[in-house]
Amino acid sequence: MLRRGAGRRVLRRGDQGPHARRGLAVTDALSVVLLGTAAGPYPAPGRQGCANAVVVGRRVYLVDAGYGTLGKYVSAGLSLRDLAAVFVTHLHSDHVAELFTLFLLGWGPANQGVVDPVRVYGPGPDPTDPGPPAAGAEALVAGSLAAFGQDVAVRQRTSTRPPLAGLIRAADLDVAPGAELVVHEDDRVRVTARAVPHPPLRLALGYRFETEHGVVAFSGDTARSDAVGALAAGADLLVHEAMEPDFYRRIGYSPQLLDFLAASHTSPADVGRVADAAGARRVALSHLGPADPAQLDDEGWLRRVRPHYSGPAVVGHDLIDLAVGS
């Protein structure tokens, strides 16, 4: 249930590889900009933390906000004035490190910042956590507002900015396993969520965006899952995380850690299997581990996907803009 609370690069359907990213995009009716494509909290050469922008006309819906998101958002030619909602897949730092930064540094009428309320959706607190209660999405926003209270108060006193607390409308989500929940609906999109397996977290989410121009699904961080298949059924684009276990085996990860990664992430071969079973028309690999292209290049990723999926596949790089549908 739901509790209270111009420089983009383009890849069109069927295009692949780095050479296709050199042209400038003409804004499409529906597109997805992969703002950050790295897995994990550690900075990687050429990639930054996980974030994706679903752009419907000029309106922007953000999925996750890992480290580097604000800079990538601006580099993509997107305006914070057009940000309508943020959808958090889970509360790991590589997905929320710059959630509050978006508002703290991008707020107010100057430079086309946020001046209208923005919905922020994400998992709530985990009632089974054995330690002190960990923040859900609502408490994460409230705690950030308190932590930066001095800065916020000064800026509100010395400018015409609207009160920041009123601009971030956070809501905790609770989605039962096997259920699908409509979490947001407006005149541009209908967004549904499903729980996906990402242990030891109690709740991680994948999302499906339905628009008049096409359908896009996001796996979030997850092991291979039928829930992702349901979200991606007949989708024009599936953006799916991918982690190559052989790389981590070669660099000496322990058997216990390899088992942990296998239980919470998806190999590129299994991404292909999920996309094929769902009938997704195109798949983009993102949240890549290893994130450094020198350790596994585009062809290496695609070679693992192709035996299991015959449709167009794209290896994500920061600032790729994927045109979707009509």
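Because only heavy atoms are used, hydrogens play no part in the values below, and waters and symmetry mates are left out as well, while side chains stay in. Computed from a prediction, not measured in an experiment: that's the story for all the values here.
Other residues, nucleotides and ligands contribute more than 12 heavy atoms inside 6.0 Å of the CG atom of D151.
In this structure, CG in L288 is found 9.0 Å from CD in E241, a value given to the nearest 0.5 Å.
Applying the side-chain contact (heavy atoms from CB on, under 4.5 Å) test to A227 and every residue at least two apart in sequence or in another chain returns R194, V196, S225. For the side-chain contact (heavy atoms from CB on, under 4.5 Å) test, residues two or more places apart in sequence or in another chain that qualify with R190 are V182, E185, T192, E210. With sequence neighbours excluded, the residues forming a side-chain contact (heavy atoms from CB on, under 4.5 Å) with A97 are Y67, listed by chain and number. In this structure Y309 satisfies the ring-ring contact (aromatic ring centres under 6.0 Å, His included) test with no other residue, sequence neighbours excluded. Evaluation of the side-chain contact (heavy atoms from CB on, under 4.5 Å) rule for S310 yields no partner, not counting sequence neighbours. Among residues two or more places apart in sequence or in another chain, the salt bridge (charged side-chain N to carboxylate O under 4.0 Å, His left out) test is passed with R249 by D246. The salt bridge (charged side-chain N to carboxylate O under 4.0 Å, His left out) test applied to D276 returns no partner, not counting sequence neighbours. Every residue two or more places apart in sequence or in another chain was checked for a ring-ring contact (aromatic ring centres under 6.0 Å, His included) with H240, and none qualifies. With sequence neighbours excluded, no residue forms a ring-ring contact (aromatic ring centres under 6.0 Å, His included) with Y73.
Using modelled atom types, one finds a donor on one side chain and an acceptor on the other under 3.5 Å when comparing D298 with H317. Side-chain contact annotation: D221 with H92, donor-acceptor N/O pair under 3.5 Å absent.
For the pair R282/L238, no side-chain contact is recorded, criterion being any heavy-atom separation below 4.5 Å from C-beta on.
Salt-bridge check for K72 with D318: passed, with a basic side-chain N closer than 4.0 Å to an acidic carboxylate O. Salt bridge annotation for D186-R59: present, with a cationic side-chain nitrogen under 4.0 angstrom from a carboxylate oxygen.
Note on residues 256-270: pairs passing salt bridge (Lys or Arg N to Asp or Glu O under 4.0 Å), not counting sequence neighbours, are R224-D270, D270-R273. The stretch residues 159-179 participates, sequence neighbours left out, in no ring pair (Phe, Tyr, Trp, His ring centres under 6.0 Å) pair at all.
Ring orientation note: the planes of F87 and Y61 are tilted relative to one another, at an angle of 30° to 60°. Ring planes of F209 and F218: perpendicular class, angle over 60° (limits at 30 and 60°).
The cationic group of R161 lies under 6.0 Å from the six-membered ring centre of W107 and within 45° of the ring axis, placing it in a cation-pi geometry.
By the 4.5 Å side-chain criterion applied to Ile, Leu, Val, Met, Phe, Trp and Tyr, F247 is assigned to a cluster that also includes M243, Y248, I251, Y253, L257, L258, F260, L261.
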